[in-house]
Amino acid sequence: STQSTWDFYALVPHHSNPMCLCFCAYMTARLILPMCFNFLVVSNLLVEDPSQSQVGFSRALGNMDTVSLLGSWFNRWFIAILLVLMTVCSTFNLFSKAMRYCSVETFTSSSTEDDETTREGRQLLAEMRPRDEALFQSSLSSISDREGLVDDGLAAAIPGLEDNL
């Protein structure tokens with residue numbers, strides 16, 4: 001199976017690490033400005049004079065018609081059409097199909113390596129789980145040995161604590 005960057009940095013509820021969150025925030029921040037500008041251009045909300053605009057985005061950034069050589073059609077529609085085209089190609093995985101058609105090899109990881117890594121991970125978990133459970137049990141017993149530290153309110157608030165005391 002193949003693993004892409006987005007698979008590695010996927011956001012999983014209650015299991016994402018800070019590196020994944022920072023990567024997704026970084027990529028989102030990089031996309032916000034061009035997407036907002038593209039939306040304003042296509043929806044015809046930008047005006048020639050930014051000081052007359054009612055949109056704060058254009059007042060802050062000004063007029064960005066930088067490719068006057070190709071005309072206003074290029075500035076208004078080319079990027080929007082290109083964005084839709086790229087989205088469709090990505091959705092239907094046309095890039096990899098075109099690469100295979102052109103006989104260009106792509107890098108994939110072998111399934112035997114993935115199976116070996118999975119097996120090694122399960123073995124490590126099986127070795128570490130009894131040690132972690134023993135540490136947890138010893139910490140619970142040391143809490144119960146200290147008098148006055150665990151009162152009835154705390155024991156009632158933590159389910160299963162009374163059974164371990």
Side-chain angles (χ1 to χ4, degrees), residues 1-137 139 159-160:
S1 74
T2 63
Q3 185 173 16
S4 69
T5 302
W6 289 107
D7 291 338
F8 182 73
Y9 291 113
L11 294 178
V12 180
H14 307 293
H15 298 290
S16 296
N17 63 12
M19 185 175 68
C20 295
L21 297 172
C22 287
F23 177 79
C24 289
Y26 169 72
M27 293 306 287
T28 302
R30 287 181 64 184
L31 289 173
I32 286 175
L33 185 72
M35 293 292 285
C36 288
F37 178 73
N38 188 34
F39 172 76
L40 292 174
V41 168
V42 171
S43 62
N44 205 18
L45 291 174
L46 293 180
V47 294
E48 291 296 323
D49 185 14
S51 63
Q52 301 295 324
S53 177
Q54 295 181 0
V55 180
F57 186 88
S58 62
R59 282 194 307 259
L61 295 177
N63 190 359
M64 295 199 308
D65 285 340
T66 56
V67 188
S68 58
L69 177 68
L70 298 175
S72 63
W73 180 89
F74 181 82
N75 290 330
R76 177 166 303 233
W77 295 108
F78 180 73
I79 301 299
I81 291 170
L82 186 65
L83 180 69
V84 169
L85 185 65
M86 297 292 275
T87 304
V88 168
C89 288
S90 180
T91 302
F92 294 111
N93 204 16
L94 296 179
F95 296 117
S96 63
K97 290 177 183 176
M99 296 292 270
R100 273 185 272 149
Y101 181 75
C102 295
S103 300
V104 177
E105 292 183 28
T106 58
F107 296 104
T108 59
S109 61
S110 66
S111 61
T112 57
E113 180 182 317
D114 291 340
D115 291 342
E116 183 179 323
T117 305
T118 303
R119 197 174 317 114
E120 182 181 343
R122 286 186 178 157
Q123 181 183 0
L124 285 172
L125 283 174
E127 291 172 5
M128 297 304 283
R129 184 170 287 141
R131 184 185 68 94
D132 288 344
E133 287 176 356
L135 283 172
F136 179 71
Q137 291 298 329
S139 66

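Side-chain atoms are counted along with the backbone in the values below, which use heavy atoms only and exclude waters and symmetry mates.
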* Of all the heavy-atom pairs spanning Lys97 and Phe92, show the shortest one and how long it is. => NZ-O, 3.6 Å
* Asked: CE/Met19 to SG/Cys24 distance, rounded to the nearest 0.5 angstrom?
  -> 10.5 Å
* Asked: Which pair of non-hydrogen atoms, one from Ala10 and one from Ser16, has the smallest distance, and what is that distance?
  -> O-OG, 3.9 Å
* Asked: Measuring from Leu85:CG to Ser90:OG, what's the distance to the nearest 0.5 Å?
  -> 11.0 Å
* To the nearest 0.5 Å, how far apart are CD in Gln123 and CZ in Arg119? -> 9.5 Å
* Hey, is CZ on Phe39 packed in by over 12 heavy atoms from elsewhere, all under 6.0 Å? -> no
* To do: Could you please spell out the steps behind the side chain to side chain contact (heavy atoms under 4.5 Å, CB included) verdict for Arg129 and Asp132?
  => CA-CA 5 Å; Arg129 184 170 287 141; Asp132 288 344; 5.8 Å; no
* To do: With rounding to the nearest 0.5 Å, note down the distance linking OG1 in Thr28 to CE in Met35.
  => 11.0 Å
* Heavy-atom count around Glu127 CD within 6.0 Å, excluding the residue itself: above 12? -> yes
* **Distance (rounded to the nearest 0.5 Å) between Leu94 CG and Tyr101 OH** => 14.0 Å
